[in-house]
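Let me begin by presenting the structure, written as structure tokens, before commenting on it.
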Amino acid sequence: QGIDFNGLQHDSTQPIEITAERLEVSQTDGTALFSGEVLVVQGEARMTAGSLRVTYATDSRRIDRMEATGGVTFVTPTDAAEAQGAVYAVPAGELVMTGEVLLTQGRSAIAGDRLVVDLDAGTGRVEGRVRTVLQPRDGTGRD
Amino acid sequence: MAEHLRSRIVAMLKVAMPLAALAILSTLFLLSRGREPGTTLPFADVDIEALLREPRLTAPTHVGVTADGASLRLTADAARPDTAAPGSGTVVRPRLLVDTPDGRRSELTAGEARISAGEELLLLSGGVHLDNSLGYGLDTEALTAALDRTRLESLGPVAGVAPGGTISAGRMELRRTDAAGPYVLVFTGGVKLLYQPPT
């Protein structure tokens, strides 16, 4: 199911700010493990997670990939998605959320197994047991 | 007669005294050892008191190996033993190199380092800078460095550069997770990393 993230003007070369309670960096390969109320902010996109593993390229200056686990939310000015985990391929600007994915856009919500988002293009798709969940008119809650 | 004798003695002294002074002065420079830059003094074990017992060393150097196999090398501009507490003292403008078996290097510089007798611990203070070859360059006010095993611990907040950006945290620590585990740089007390992707 194709999705438009029209509200998102994203540029994957914007600075990324990561805050957390704790960070452990392995001297072996420079991998950084953030834990405790992790918040990742890049432009207008925000992601929260229980923990986040950041992998650097072998020259250890460039971040290649971020893997969020422990319950993830991804929020843009107009949309919100939640899932069990997510992987953000930083240079490619591609975010893949997996595990009981629920994407809410305005009053409609779509559930599925996977949500793939091309942040720079502002497009995405939900895959696997896709179910559209319509909020009742007064939007009291998901039925 | 006495005046004659006294004036002869004074005249003789007027000559002898400067000559003696000259002699003493020249031997002073003759005997003092010059400062050989870069020569290292091989201390085999982790014996920090030896460093302090040599107050005359202008560039004291201490080399040791920690239990987990990291090599420590402490050089300083001067060492001032604490006369009140033997085996303790202050080391001026220390530079500590920690080379861990995983091939990484941490280089610490500080205003001074305090060594306490019997304690295998160095307290670095007066503005400490830590460069870790992973690409972290951190500043903190004070930091303890264990000498018997690899353990660096900031006493307060740290801030500085990280690979591709900057970092700040409430505390920082460098240690080995366990005997066979990796060495880790641990930031606690709230961490903020700002990363600028290559444009």
Side-chain angles (χ1 to χ4, degrees), chain A residues 10-68 88-95 118-120, chain B residues 66 68-70 98-107 130-138 150-154 157-178 180-199:
Chain A
H10 185 83
D11 165 2
S12 54
T13 61
Q14 289 168 310
I16 298 174
E17 184 184 281
I18 306 174
T19 51
E21 280 164 15
R22 187 176 191 278
L23 164 63
E24 187 171 295
V25 181
S26 159
Q27 261 197 175
T28 313
D29 55 10
T31 298
L33 183 60
F34 291 85
S35 54
E37 293 180 39
V38 182
L39 169 65
V40 183
V41 177
Q42 183 175 31
E44 294 167 330
R46 296 160 66 83
M47 179 163 72
T48 65
S51 67
L52 183 82
R53 180 183 302 279
V54 175
T55 317
Y56 285 83
T58 40
D59 64 8
S60 86
R61 286 286 177 273
R62 195 166 46 83
I63 290 184
D64 262 352
R65 184 186 132 94
M66 294 188 198
E67 204 182 323
Y88 178 23
V90 179
E94 186 194 67
L95 177 72
D118 179 336
L119 291 166
D120 292 335
Chain B
T66 64
D68 50 279
V98 182
D99 289 322
T100 43
D102 56 9
R104 299 287 183 194
R105 162 169 285 189
S106 287
E107 180 178 339
L130 165 69
D131 270 324
N132 181 286
S133 50
L134 265 180
Y136 290 84
L138 305 168
T150 304
R151 188 176 190 94
L152 308 175
E153 251 178 281
S154 81
V158 289
V161 296
T166 58
I167 188 166
S168 60
R171 295 280 286 268
M172 174 238 113
E173 207 184 302
L174 172 70
R175 56 177 162 72
R176 187 164 212 174
T177 43
D178 52 50
Y183 286 83
V184 285
L185 213 56
V186 181
F187 298 90
T188 52
V191 188
K192 183 162 126 180
L193 177 78
L194 193 60
Y195 167 73
Q196 172 54 56
T199 47

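In the text below, chain A, chain B and the rest are named by the order of the sequence lines, each starting its count at 1.
In this structure, no portion of A/Glu37 lies under 4.5 Å from any heavy atom of chain B. Heavy atoms closer than 4.5 Å to chain A are found nowhere in B/Thr166, neither backbone nor side chain. Heavy atoms of B/Arg175 lying under 4.5 Å from chain A belong exclusively to its side chain. Heavy-atom distances place no part of B/Ser168 under 4.5 Å from chain A, backbone and side chain included. For A/Ser35, no part lies under 4.5 angstrom from a heavy atom of chain B.
Between chain B and the options A/Leu23, A/Thr19, A/Thr13, heavy-atom pairs under 4.5 Å are most frequent for A/Leu23. By number of non-hydrogen pairs under 4.5 angstrom with chain B, the leading residue of A/Ile63, A/Val41, A/Thr28 is A/Ile63. For the set B/Pro197, B/Gly103, B/Ala162, B/Gly170, the count of heavy-atom pairs under 4.5 angstrom toward chain A peaks at B/Pro197.
Contact annotation: the side chain of A/Arg62 approaches that of B/Tyr195 to within less than 4.5 Å [non-hydrogen atoms, C-beta and beyond].
Considering B/Asn132, B/Leu134, B/Leu174, B/Val186 as possible partners of A/Val25, the one that fulfils the side chain to side chain contact (heavy atoms under 4.5 Å, CB included) test is B/Leu134.
With sequence neighbours excluded, the residues that form a side-chain contact (heavy atoms from CB on, under 4.5 Å) with B/Gln196 are A/Pro15, B/Thr199.
Atom CG in B/Leu193 sits 4.5 Å away from atom CZ in A/Phe34 (nearest 0.5 Å).
Screening residues 181-195 of chain B for salt bridge (Lys or Arg N to Asp or Glu O under 4.0 Å), with sequence neighbours left out, gives A/Glu17-B/Lys192.
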